[in-house]
Amino acid sequence: DGFLTVTINTTAQGASLTYNITNGAGSAFVTPAGIINALQAGTVTLTVSSAANSNYNSSTVSQLIIINKGTPVLGLTFPDTIAIGGSITASVSTTATYSRGGVITFSISAGSGSATVNSSTGVVTGLLPGSVSLTASSAGDADYNMGTVSKQVLVLRNSQTLTITSANTLAVDGTLT
């Protein structure tokens, strides 16, 4: 949601100003100090009125304001490494407010390694060692443009475990038992 401070030039010294927003295809509100907070993309009409005083008549002026879509900033959080066969879950934050900005989906771009991702949950599974790029994208909606963020993931080889399972005793001139 964006903010705009209304600037008024007036010849009336000490004039008392009041501000009003009439929502059109968009939505906003204005504070008594003349700060407009945009809520939805579209158009609104700002009306500023100056009260009459002993030297001046009252006056009113209006201006059509266009509220453009915002572009959300996405943040992507998850561990930087994953083992082959292991899984991590990515989480996304967005500056889009009130659950707006569109559906968020995940994708993997192969690099020197390989991994898969569940496009809706963000669960990443390592397949081959090396690096891959995880991308989260918001689809956009009536109030927000599409947004994306990417982050590298390093797929690591698993640690090997060796276990000797043969007997641990041997007789002279004998065999393992």
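Here the structure is a predicted model, which is why all the values come from computation and not from measurement.
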**Request:** Answer with yes or no whether the side chains of Thr22 and Thr45 bring together a donor and an acceptor at under 3.5 Å.
**Result:** no

**Prompt:** Under the 3.5 angstrom rule, does the side chain of Thr95 hit a backbone N or O of Val73 as a donor-acceptor pair?
**Reply:** yes

**Prompt:** Does the side chain of Asn158 reach to within under 4.5 Å of the side chain of Gln160, using non-hydrogen atoms?
**Reply:** no

**Charged N-O contact under 4.0 Å between Asp143 and Lys69** = no

**Request:** Could you grab the distance from atom OG of Ser138 to atom CE of Met146, nearest 0.5 Å is fine?
**Result:** 7.0 Å

**Asked** Is there a side-chain contact between Leu127 and Val155 (heavy atoms, below 4.5 Å)?
**Response** no

**Item:** Distance-only polar pair, side chains of Asn118 and Ser120, donor-acceptor under 3.5 Å
**Value:** yes

**Asked** Does Ile108 reach the side chain of Val124, with side-chain heavy atoms less than 4.5 Å apart?
**Response** yes

**Request:** Give a yes or no on whether Leu128 atom CG has more than 12 heavy-atom contacts from other residues, nucleotides or ligands under 6.0 Å away.
**Result:** yes

**Message:** Within the 4.5 Å heavy-atom criterion, are Asn37 and Leu39 side-chain neighbours or not?
**Reply:** yes

**Request:** Kindly say whether Ser59 contributes a backbone atom to a donor-acceptor pair with the side chain of Ser50 at under 3.5 angstrom?
**Result:** no

**Asked** Do Val153 and Phe78 touch side chain to side chain, with heavy atoms closer than 4.5 Å?
**Response** yes

